[in-house]
Amino acid sequence: RHTLRSLVLTVAGVLIFKLSGIPHGYWLPFTMIVVLQPDFGSTRKKAAERVIGTIAGGLFASSLLWLQPGKTVIHVAVAVTIAIFSYLVKRRYAVAVFFITLVVVLLVEAHQPVTLAFTAERMGCTLGGGLLALGAALLFWPVWERGRFPGIISTAMTANQQYFQAVVDRLQDGGPHDEQMMDLKQAAESANAEVFSSLRRMSSDPQIHREGLEQAAALANGNQRVTNALSVIAIHLNDQRTRHPETVERFRAICSAALDSLIESKRTGTPVFALDSSLQALESFRLPEIDPDHLDASRFREPWVFPQLSRIVTELGAMILAAK
């Protein structure tokens with residue numbers, strides 16, 4: 001979809017500048033290609049950064065050239081601004097556009113005098129290209145993030161489930177925080193990062209396409225907090241078996257069932273009756289009292305692990321309420 005949209009928009013932009021006879025009209029389709037992104041939210045952000053940076057850079061450069069600097073000063077300024085642009089382009093795009101606009105104006109000035117018409121032409125083409133890209137993202141085969149989010153969050157919950165099973169296995173039977181655990185942790189964290197990227201894109205979509213944003217945010221934050229709690233438990237794993245095997249096994253059963261029902265509900269997009277029973281099981285779960293001789297957190301892991309088990313149960317319950 002994005003490729004076809006870019007194709008149609010570029011052809012339209014080239015036709016406009018060819019038929020209009022604008023001297024530097026290629027800025028119009030070029031801006032479209034730079035600004036247009038696969039989703040509307042990213043396109044809107046890119047368009048705003050491009051337009052603001054270009055207008056600010058154009059005005060500043062035109063004001064600077066009124067001082068009539070020499071060729072040597074212009075060449076040094078071009079080198080400096082290109083270096084700054086290269087540093088900022090992946091960090092602060094709007095500021096980077098400001099500097100690349102300076103480069104363009106200064107390079108032109110090095111060969112011929114820059115007129116006010118030149119600056120206005122670049123600003124107009126940039127503004128027109130940004131608006132056309134926004135229109136294309138809004139009207140030509142749009143992809144709204146709320147339709148993609150269920151698949152992304154279910155993938156993240158699946159990664160969390162795999163991490164959960166590995167942590168509980170080692171908690172129950174004994175086992176260190178090894179490389180396999182690190183791989184599962186990184187997979188869960190990477191999937192969570194993609195979920196929050198999806199949330200940011202959804203929040204930038206038009207208002208009518210943000211339905212369910214609060215529910216999506218609740219699920220995303222809950223899933224990430226479960227990952228964090230599992231990571232705290234993983235730090236305290238060792239070769240010792242748990243002293244509470246029945247509790248750990250029940251914890252595993254109810255949390256696995258909760259994750260299964262959450263994943264199914266997001267994948268199918270329909271209410272899952274297992275959510276109710278999972279919520280009841282989570283609410284009825286109780287941890288045993290820590291033995292008085294194991295309260296020293298510097299020597300025993302129960303004071304560290306038990307609060308995280310409770311936290312996971314609470315977060316899964318909140319995620320089910322959000323999903324319902």
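Atoms considered below: every heavy atom in the structure, side chains included; atoms not considered: hydrogens, waters and symmetry mates. Every value quoted in this text rests on a predicted model; they were computed, and no experiment measured them.
- Leu287 contributes atom CG, which lies 10.5 Å from atom CZ of Arg250 (distance to the nearest 0.5 angstrom).
- With sequence neighbours left out, Pro303 forms a side-chain contact (heavy atoms from CB on, under 4.5 Å) with Ala297, Phe300.
- A donor and an acceptor atom, one from each side chain of Asn228 and Gln308, are nowhere located under 3.5 Å apart.
- Inter-residue side-chain proximity for Lys185 and Val167 is flagged as unmet; no heavy-atom pair is nearer than 4.5 Å.
- Across Gly13 and Leu28, no two heavy atoms sit closer than the pair O-CD2, 3.9 Å.
- With rounding to the nearest 0.5 Å, the separation of CG in Leu213 from OG in Ser203 is 6.5 Å.
- Using a 4.5 Å heavy-atom cutoff, the side chains of His244 and Phe251 are not in contact.
- Counting all heavy atoms, side chain and backbone alike, Ser278 lies closest to Ser261 at OG-OG, 3.5 Å.
- To the nearest 0.5 Å, atom OG of residue Ser204 and atom NE2 of residue His209 are 13.5 Å apart.
- Applying the under-4.5 Å side-chain rule to Ile, Leu, Val, Met, Phe, Trp and Tyr, the cluster around Met182 consists of that residue alone.
- A pairwise comparison of heavy atoms in Ala156 and Ala191 identifies CA-CB, 3.6 Å as the closest pair.
- Taking 4.5 Å as the limit, every side-chain heavy atom of Arg146 sits out of range of all side-chain heavy atoms of Asp205.
- Cluster annotation: Leu321 is connected to Met157 through the hydrophobic network of ILVMFWY side chains, with a link wherever side-chain heavy atoms come within less than 4.5 Å.
- By the side-chain contact (heavy atoms from CB on, under 4.5 Å) test, Val14 is found to be paired with Thr10, Phe17, Lys18, Pro29, residues two or more places apart in sequence or in another chain being considered.
- Following chains of ILVMFWY side-chain contacts shorter than 4.5 Å, one cannot reach Leu36 starting from Ile33, and the two form parts of different hydrophobic clusters.
- Summarising the geometry of Pro288 relative to Phe306, their closest heavy-atom pair is O-CE2, 3.4 Å, with the distance given to 0.1 Å.
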Between Arg148 and Glu145, does the salt bridge (charged side-chain N to carboxylate O under 4.0 Å, His left out) criterion hold? Intermediate values first, please. CA-CA 5 Å; Arg148 300 178 67 241; Glu145 197 62 30; 2.9 Å; yes
If you apply the rule side-chain contact (heavy atoms from CB on, under 4.5 Å), what do you find for Ile312 with Ile233, and how did you get there? CA-CA 11 Å; Ile312 291 170; Ile233 296 173; 4.0 Å; yes
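- Taking Glu249 as the reference, Gln172, Arg252 meet the side-chain contact (heavy atoms from CB on, under 4.5 Å) condition, with sequence neighbours excluded.
- Leu219 CG to Leu262 CG: the interatomic distance, rounded to the nearest 0.5 Å, is 7.0 Å.
- Pairing each heavy atom of Ser256 with each of Gln161, the nearest pair is O-NE2, 3.7 Å.
- Hydrophobic clustering (ILVMFWY, side-chain heavy atoms < 4.5 Å, transitive): Tyr163 and Ile235 are in distinct clusters.
- Of the possible donor and acceptor atoms, one in the side chain of Thr314 sits under 3.5 Å from a partner among the backbone N and O of Ser310.
- Hydrophobic clustering (ILVMFWY, side-chain heavy atoms < 4.5 Å, transitive): Phe285 and Ile290 are in one cluster.
- Formation of a donor-acceptor pair under 3.5 Å by the Asn223 side chain with backbone atoms of Asn160 is not found in this model.
- No side-chain heavy atom of Ser198 sits less than 4.5 Å from a side-chain heavy atom of Val195.
- Side chain to side chain, Arg170 and Gln180 meet the donor-acceptor criterion of an N or O pair below 3.5 Å.
- Asn221 is not listed as a side-chain neighbour of Glu315, based on a closest heavy-atom distance of 4.5 Å or more.
- Side-chain N/O atoms of Thr227 and Glu189 include no donor and acceptor closer than 3.5 Å.
- In Arg243, the CZ atom is crowded: over 12 heavy atoms of neighbouring residues, nucleotides or ligands sit closer than 6.0 Å.
- Remark: Phe30 CZ is loosely packed, at most 12 non-hydrogen atoms of other residues, nucleotides or ligands lying under 6.0 Å away.
- Side-chain atoms of Met181 and Leu237, non-hydrogen and from C-beta on, do get closer than 4.5 Å to each other.
- With values rounded to the nearest 0.5 angstrom, Asp260 atom CG is found 11.0 Å from Leu275 atom CG.
- With Lys266 as the partner, the side chain to side chain contact (heavy atoms under 4.5 Å, CB included) test is satisfied by one option alone out of Ile153, Thr155, Thr158, Ile152: Ile153.
- Both Val76 and Tyr87 belong to a common hydrophobic cluster when Ile, Leu, Val, Met, Phe, Trp and Tyr are linked at side-chain heavy-atom distances under 4.5 angstrom.
- Closest heavy-atom contact between Ile320 and Leu282: CD1-CD1, 3.7 Å.
- Residues passing the side-chain contact (heavy atoms from CB on, under 4.5 Å) test with Gln240, sequence neighbours excluded: Asn238.
- A distance of 10.0 Å separates CZ of Arg5 from CD of Gln37, quoted to the nearest 0.5 Å.
- Taking the side chain as every heavy atom from C-beta outward, Leu309 and Val313 never approach each other to under 4.5 Å.
- Side-chain contact between Val89 and Phe99 is absent, with no heavy-atom pair separated by less than 4.5 Å.
- With sequence neighbours excluded, no residue forms a salt bridge (charged side-chain N to carboxylate O under 4.0 Å, His left out) with Arg311.
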